[in-house]
Amino acid sequence: MNHVKYRVGKWLPSDRNFLNKWIEKKIAQVNAYPQPLNPAIEDLRNAIYNDALLFMSFTSMYDQIPQGYNDQVKNFETMLQIMNQILKEGPCYSTIEDQIGLVGFPINAILDWAMGTEGGYLTFTNTLVNQKLQVILNEWKNFLESPDSTYVLVDGPIDQPQPDYTAPVGWFSPEALEAIASMDPLRGQGNDPYDALQNFIYNYQCQPDQPHFGYKSWDDFFTREFNPGVREVSEEDKDPSVIVNACESAPYNCVTNAMMKDKFWMKGQPYSLLDIMDNHELAQEFGDNSTVYQAFLCAKTYHRWNSPVDGTIVAIQNVPGTYYSEAPAEGYDPAGPNDSQGYIAELAARALIFIKSDNEKIGLMCFVAIGMAEVSSCEITVAPGDYVKKGDPIGTFHFGGSTHCLIFRPGVHINFDFHGQTPSLNTYNIPVKARIGVVE
């Protein structure tokens with residue numbers, strides 16, 4: 001069985017033929033087994049028909065897809081039917097012909113080309129649309145947090161009451177376990193076993209002798225924690241001048257000239273701090289020429305956040321935002337919304353955690369967890385006044401979470417360690433709690 005190639009973060013296949021066949025099979029599934037619309041889907045449908053501008057934008061984003069892009073989803077009615085089906089499914093590996101792949105962003109997959117059109121830009125920056133999408137995604141989140149979602153946590157083919165035509169396999173199948181192990185930056189080093197199953201048992205808290213490895217839901221599996229000692233801050237990195245990786249993530253960008261207000265939607269996607277921080281009162285503590293480090297998470301790895309410094313939580317805030325908007329400057333983004341990570345830092349649903357570091361050379365900094373597409377549930381687990389040590393948990397993404405930023409004020413000079421890489425879309429994970437910089 002061959003694995004398909006993936007886009008950045010491994011959320012969607014880069015093999016368009018595989019994705020087209022997956023969509024074809026989803027359309028066949030909803031046609032063969034039509035289901036009443038979930039009330040949240042029905043509510044969005046009603047909003048589209050009751051608002052002339054929404055009807056125009058939802059219609060035009062499919063009409064504007066250029067010929068030759070071979071998009072099987074021809075209109076928003078088909079889109080809604082597939083979304084309705086997805087709300088009752090857990091993410092899993094699908095086998096199509098001789099290939100196996102993960103469609104981790106299934107809703108993103110059906111919006112793929114439509115997102116890049118002018119109609120798509122108008123649609124997915126609309127406040128009402130994003131409010132409706134939040135309700136829809138919360139419905140899926142509720143399913144993924146329920147015991148009903150454990151059917152994907154098996155070690156072989158998945159048995160479903162309703163066929164999905166893609167021959168799915170569970171997350172503890174050899175194929176899926178190998179995919180998880182392949183993303184481990186420390187695999188085969190020290191005591192980390194190379195064998196995929198043993199690698200998983202070594203790394204993650206689980207009960208392999210219990211059904212579903214002891215996980216109570218898909219979300220319970222997805223937010224799994226490392227075993228004690230697997231990812232810890234090293235003794236030398238406990239030095240107050242060291243900044244550690246807040247997430248198991250790959251470096252995407254690092255700038256030292258971020259402005260308080262900038263044209264983030266333009267080519268290059270410059271950071272606009274006031275927009276990222278949603279005009280929070282503490283944003284005024286920053287200024288032009290701040291430093292922003294951004295890194296993205298992979299679909300198959302650890303999704304909890306950890307403090308990059310020792311310090312005190314000063315303020316927290318969840319910011320509602322967009323879910324499927326991508327930078328218009330990117331055009332038809334084949335990695336969407338990965339190529340738009342700078343842009344969505346200002347617009348997407350996100351969480352802000354302001355931390356006053358014990359190190360006076362750092363002072364106030366901000367951790368920003370940024371949701372992307374379906375993976376926009378950001379849970380903050382600390383409160384103002386809490387003291388955190390470097391590496392302590394501060395929150396988690398539910399069903400994923402795509403990217404995050406660390407923001408430092410002007411005058412904070414950091415010698416970054418990208419672990420031999422240049423930040424880009426083609427980097428590999430740096431272990432969580434590993435050194436990523438030293439304050440000079």
Side-chain angles (χ1 to χ4, degrees), residues 183-193 199 202-205 224-256 290-298 301-314 353-369 380-382 386-397 401 403-409 411-424 427-440:
M183 300 307 299
D184 180 1
L186 299 179
R187 185 184 188 186
Q189 300 180 27
N191 295 321
D192 294 30
N199 180 270
Y202 173 86
N203 277 322
Y204 298 108
Q205 296 182 25
R224 61 193 180 272
E225 297 187 61
F226 281 116
N227 283 314
V230 169
R231 295 285 195 277
E232 300 292 350
V233 178
S234 68
E235 286 301 317
E236 56 268 31
D237 288 347
K238 290 179 181 178
D239 184 310
S241 66
V242 173
I243 298 163
V244 300
N245 205 15
C247 301
E248 188 107 340
S249 54
Y252 166 71
N253 196 15
C254 186
V255 302
T256 57
S290 288
T291 294
V292 179
Y293 169 82
Q294 185 167 6
F296 58 91
L297 289 78
C298 169
T301 52
Y302 176 81
H303 279 82
R304 293 177 178 266
W305 326 327
N306 298 269
S307 181
V309 296
D310 298 328
T312 302
I313 306 298
V314 178
I353 302 178
F354 293 90
I355 308 171
K356 183 175 177 57
S357 171
D358 289 349
N359 187 330
E360 293 181 357
K361 290 184 178 180
I362 300 174
L364 184 69
M365 62 157 298
C366 187
F367 167 86
V368 187
I380 301 171
T381 57
V382 289
D386 287 353
Y387 183 78
V388 289
K389 296 291 289 181
K390 194 182 304 182
D392 282 353
I394 57 175
T396 189
F397 290 112
T403 187
H404 73 287
C405 293
L406 303 180
I407 305 177
F408 302 91
R409 297 177 304 159
V412 179
H413 301 291
I414 302 168
N415 181 18
F416 280 97
D417 180 357
F418 305 122
H419 293 232
Q421 309 173 89
T422 299
S424 70
T427 51
Y428 55 79
N429 278 348
I430 297 172
V432 66
K433 306 182 190 179
R435 177 185 302 211
I436 58 168
V438 178
V439 180
E440 298 177 345

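As the structure is a prediction and not an experimental result, all values here were calculated from the model.
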Output yes when Lys390 and Asp239 qualify as a salt bridge under the 4.0 Å nitrogen-oxygen rule, no when they do not. no
For Arg224, give me all partners under salt bridge (charged side-chain N to carboxylate O under 4.0 Å, His left out), at least two apart in sequence or on another chain. none
Nearest heavy atoms of Pro240 and Ile362, plus distance in Å: O-CD1, 4.4 Å
Distance col, row Cys298:SG vs His303:NE2, nearest 0.5 angstrom, shows 7.0 Å
With sequence neighbours excluded, tell me which residues meet salt bridge (charged side-chain N to carboxylate O under 4.0 Å, His left out) with Lys238. Glu235
Does any part of the side chain of Ile243, heavy atoms only, come nearer than 4.5 Å to the side chain of Val309, both counted from C-beta? yes
Could you tell me the separation between the CD atom of Glu248 and the CG atom of Leu186, rounded to the nearest 0.5 Å? 7.0 Å
Any residue meeting side-chain contact (heavy atoms from CB on, under 4.5 Å) with Thr291, in chain and number order, not counting sequence neighbours: Thr256, Phe408, Phe416
Residue set satisfying side-chain contact (heavy atoms from CB on, under 4.5 Å) with Glu236, at least two apart, ordered chain then number -> Ser234, Arg435
Val233 backbone acceptor or donor facing Asp237 side chain under 3.5 Å: no
Hey, could you give me the CD1/CG distance between Ile436 and Asn245, rounded to the nearest 0.5 Å? 5.0 Å
Looking only at atom types and distance, does a side-chain atom of Thr381 sit under 3.5 Å from a main-chain N or O of Gly395, one as donor and one as acceptor? yes
Looking only at heavy atoms, what is the nearest atom pair of His404 and Ala369, with distance? CB-CA, 4.3 Å
Go through it in stages, so that I can follow the logic: the residues are Ile355 and Ile313, the test is side-chain contact (heavy atoms from CB on, under 4.5 Å), and I'd like the CA-CA distance, side-chain angles, deciding distance and then a yes or no. CA-CA 5 Å; Ile355 308 171; Ile313 306 298; 3.9 Å; yes
I'd like to check Val230 versus Tyr204 (side-chain heavy atoms, cut-off strictly below 4.5 Å). Are they in contact? no
Any Phe226 side-chain heavy atom under 4.5 Å of Val432 side chain: yes
Is any side-chain heavy atom of Arg304 less than 4.5 Å from a side-chain heavy atom of Pro393? no
Which heavy atom of Ser424 sits nearest to which heavy atom of Thr427, and what is that distance? O-OG1, 3.5 Å
Report yes or no: do Tyr302 and Asn429 form a side-chain donor-acceptor pair below 3.5 Å? no
Any chance you could measure Tyr252, atom OH, to Leu297, atom CG, to the nearest 0.5 Å? 14.5 Å
Would you indicate whether the side-chain heavy atoms of Asn306 and Pro308 approach each other to under 4.5 Å? no
Hey, could you give me the CD1/CZ distance between Ile407 and Phe367, rounded to the nearest 0.5 Å? 10.5 Å
Quick one: does Lys356's side chain get under 4.5 Å of Phe354's, heavy atoms only? no
Between Asp417 and Ile430, the two heavy atoms sitting closest are O-CD1, 4.3 Å
Gly391 versus Lys433, closest heavy-atom pair with distance: O-CE, 3.2 Å
Across all chains, not counting sequence neighbours, the salt bridge (charged side-chain N to carboxylate O under 4.0 Å, His left out) partners of Arg187 are Glu178
State, to 0.1 Å, how close Tyr202 and Asn227 come at their nearest heavy-atom pair, and which atoms those are. O-ND2, 2.9 Å
List the residues meeting salt bridge (charged side-chain N to carboxylate O under 4.0 Å, His left out) with Asp310, not counting sequence neighbours, and say none if there are none. Lys389
Contact check, side chains of Gln294 and Val255, non-hydrogen atoms, under 4.5 Å: no
Mind checking the CE-OG spacing from Met365 to Ser357? Nearest 0.5 Å is all I need. 8.0 Å
Sidechain-backbone polar pair: Gln421 side chain, Tyr428 backbone, donor-acceptor under 3.5 Å: yes
